[in-house]
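Worksheet for the structure shown next.
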There are 2 protein chains.
Amino acid sequence: MTDVRSSQPAAVDQRSGKRERLVSAAIRLLHQQGVERTTLADIAKAADVPVGGVYYYFKTKDDVVAAAIDAHARQSATALAQIEARERSPKGRLKALMKEFAAQSELLARYGCPLGTLCSELDKRDGEPSLAADLMRVPIEWAERQFRALGREDAYEQAIDLMAAYEGSALLANTLRDPGILTKAAERYNQWIDSL
Amino acid sequence: MTDVRSSQPAAVDQRSGKRERLVSAAIRLLHQQGVERTTLADIAKAADVPVGGVYYYFKTKDDVVAAAIDAHARQSATALAQIEARERSPKGRLKALMKEFAAQSELLARYGCPLGTLCSELDKRDGEPSLAADLMRVPIEWAERQFRALGREDAYEQAIDLMAAYEGSALLANTLRDPGILTKAAERYNQWIDSL
DNA sequence: GTCTATAAATCGATAGAC
DNA sequence: GTCTATCGATTTATAGAC
């Protein structure tokens with residue numbers, strides 16, 4: 001994955017934290033409004049940075065998006081690592097992931113899955129497998145490791161199946177504005193994990 | 001659902017079929033490029049209609065999108081009715097739907113599910129349950145009827161589960177550019193249906 | 001009734017002031 | 001090094017010619 005940190009000016013942003021605020025605002029707005037409908041002015045305003053000043057920290061809008069994706073990937077990896085450290089068994093880890101999904105059901109029903117909507121939108125934008133594909137691989141590979149630890153030969157297929165169930169449930173929960181779709185799907189998956 | 005046909009000028013477009021071409025082009029481009037990245041110029045060019053002339057047939061871009069959604073809903077309903085007429089048993093009908101999904105795996109891996117990507121994008125656009133929700137309900141209610149005919153009390157939940165599995169698989173197939181994700185998911189669902 | 005020419009608005013990006 | 005003022009490109013929409 002591209003290291004977006006290298007694109008930041010040298011010896012800059014040590015105190016102000018403006019770049020950090022911009023990335024943080026971008027992550028939130030990209031989720032709520034989508035990539036295409038979020039302007040640099042929106043992001044600058046949310047981060048309390050002068051509108052034109054964004055270009056001091058980033059070369060283009062695409063760079064802002066790339067930085068947001070990169071930061072998001074780190075956040076996801078950290079969250080998954082925390083689950084791995086907290087839960088000892090693969091089953092417990094998978095169930096903890098389901099719990100996280102269910103806990104976000106209200107937000108997901110309102111704005112969709114941050115990861116899923118981003119992948120969907122970036123695919124139209126680039127026309128080629130984008131940075132978002134790497135983002136999607138983070139939870140897939142994590143789940144694959146858990147299934148492999150459970151001794152499943154089809155660990156990759158199971159991981160794909162889990163993420164597909166989650167992403168599909170998030171899409172329907174969002175479209176129909178029904179968080180229950182997500183919580184029920186998580187419950188069902190939990191029962192299935194228990195039955196393994 | 002709004003009847004978009006009523007928005008077309010009276011006694012117009014009887015021969016030329018330009019409005020029809022515009023809607024047809026809009027459906028295709030909205031799928032391939034997304035709503036936000038498809039301009040009226042794109043649609044007009046694809047339909048071989050003068051760029052500004054679009055406004056004779058539609059009042060705004062949103063009207064073009066609404067007409068495309070409406071036409072798409074009719075197409076889906078027709079396709080599902082054909083399956084219902086062709087296949088006698090609920091199981092056969094559900095399996096026929098899976099077959100249609102699998103048959104489109106290449107297109108879906110390239111551009112995502114037309115329905116899913118549209119719902120995802122329109123949700124960011126409107127901020128409220130959009131016309132696309134009605135579009136999503138078409139296959140859900142169809143599948144619900146089949147599960148009910150199979151005597152399932154949880155017919156609605158099963159229908160949601162089926163569509164979530166499909167939409168999630170389509171999203172992952174698209175993001176990872178792997179049609180196999182869709183065909184495998186369809187296979188697995190077929191086996192499950194057989195086991196009922 | 002149909003379409004051309006153009007307006008109006010938005011947004012990404014840049015040049016240069018401080 | 002940081003940001004303000006502005007440009008230029010794009011796109012939706014309209015006024016009016018034919």
Side-chain angles (χ1 to χ4, degrees), chain A residues 4-23 25-26 29-30 32-69 121-122 124-127 130, chain B residues 4-26 28-30 32-69 121-122 124-127 130:
Chain A
V4 178
R5 285 174 305 177
S6 62
S7 69
Q8 80 180 252
V12 153
D13 190 38
Q14 297 298 342
R15 312 276 156 145
S16 60
K18 288 188 181 180
R19 188 180 192 280
E20 205 171 64
R21 289 210 308 276
L22 284 168
V23 171
L29 289 173
L30 259 39
Q32 295 179 355
Q33 305 183 347
V35 179
E36 301 298 338
R37 294 187 69 86
T38 298
T39 67
L40 289 176
D42 289 338
I43 297 173
K45 187 180 178 185
D48 196 32
V49 169
V51 277
V54 177
Y55 287 96
Y56 176 69
Y57 301 95
F58 301 95
K59 212 156 61 87
T60 65
K61 180 180 177 179
D62 279 356
D63 279 6
V64 180
V65 173
I69 293 174
E121 213 175 354
L122 287 182
K124 310 286 190 199
R125 167 173 277 242
D126 302 342
S130 61
Chain B
V4 179
R5 287 174 305 176
S6 62
S7 68
Q8 80 178 249
V12 153
D13 190 37
Q14 297 298 341
R15 312 277 156 144
S16 60
K18 288 188 181 179
R19 188 180 191 280
E20 205 170 63
R21 289 210 308 276
L22 284 168
V23 171
S24 197
R28 185 170 53 84
L29 289 173
L30 259 39
Q32 295 179 354
Q33 307 184 345
V35 178
E36 301 298 337
R37 294 187 69 85
T38 298
T39 68
L40 290 176
D42 289 338
I43 297 173
K45 186 180 178 185
D48 196 33
V49 168
V51 275
V54 177
Y55 287 95
Y56 176 68
Y57 300 96
F58 301 96
K59 212 156 62 86
T60 66
K61 180 180 176 178
D62 279 357
D63 278 8
V64 180
V65 174
I69 293 174
E121 215 175 353
L122 287 181
K124 309 285 189 199
R125 168 173 275 243
D126 301 343
S130 62

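Throughout, a chain's letter reflects where its sequence line sits, starting with A, and its residues are numbered from 1.
- Atom C1' of nucleotide D:dA13 and atom CG of B:D63 are separated by 12 Å, given to the nearest angstrom.
- Side-chain contact between B:D63 and B:Y55 is absent, with no heavy atoms from C-beta onward closer than 4.5 Å.
- For A:Q33, the side-chain contact (heavy atoms from CB on, under 4.5 Å) test picks out A:L29, A:T38, A:D42, with sequence neighbours left out.
- Between A:D42 and A:K59, it is A:D42 whose nearest contact on DNA chain C lies nearer the 5' terminus.
- Between A:E36 and A:K124 the shortest side-chain heavy-atom distance does not fall below 4.5 Å.
- Here the side chains of A:V65 and A:I69 are in contact, with some heavy-atom distance below 4.5 Å.
- For DNA chain D, the neighbouring residues in residues 34-41 of chain B, judged by any heavy atom under 4.0 Å, are B:T38, B:T39, B:L40.
- Two residues are said to be in side-chain contact when any heavy atoms from C-beta on lie closer than 4.5 Å; A:V54 and A:V64 meet this criterion.
- Using a 4.0 Å cut-off, no side-chain N or O of B:Y55 falls inside it from OP1 or OP2 of D:dT14.
- Side-chain contact between A:L40 and A:V51 is absent, with no heavy atoms from C-beta onward closer than 4.5 Å.
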Can you tabulate the close N/O pairs, meaning under 3.5 Å, that link protein atoms to atoms of nucleotides 3-8 of chain D?
residue, atom, partner, partner atom, Å
D:dC3, OP1, A:K18, NZ, 2.2

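- Between A:K18 and A:D48, none of the side-chain N atoms (NZ, or NE/NH1/NH2) sits under 4.0 Å from a carboxylate O, so this pair counts as no salt bridge.
- The separation between A:I43 atom CD1 and C:dA13 atom P is 11 Å, rounded to whole Å.
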- Run the numbers on B:V23 and B:F58 for side chain to side chain contact (heavy atoms under 4.5 Å, CB included), then give the verdict. CA-CA 10 Å; B:V23 171; B:F58 301 96; 3.8 Å; yes
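- Atom NZ of A:K61 is separated from atom P of D:dT10 by 15 Å (rounded to the nearest Å).
- Here D:dT11 presents its C1' atom at 16 Å from NZ of B:K45, a figure rounded to the nearest Å.
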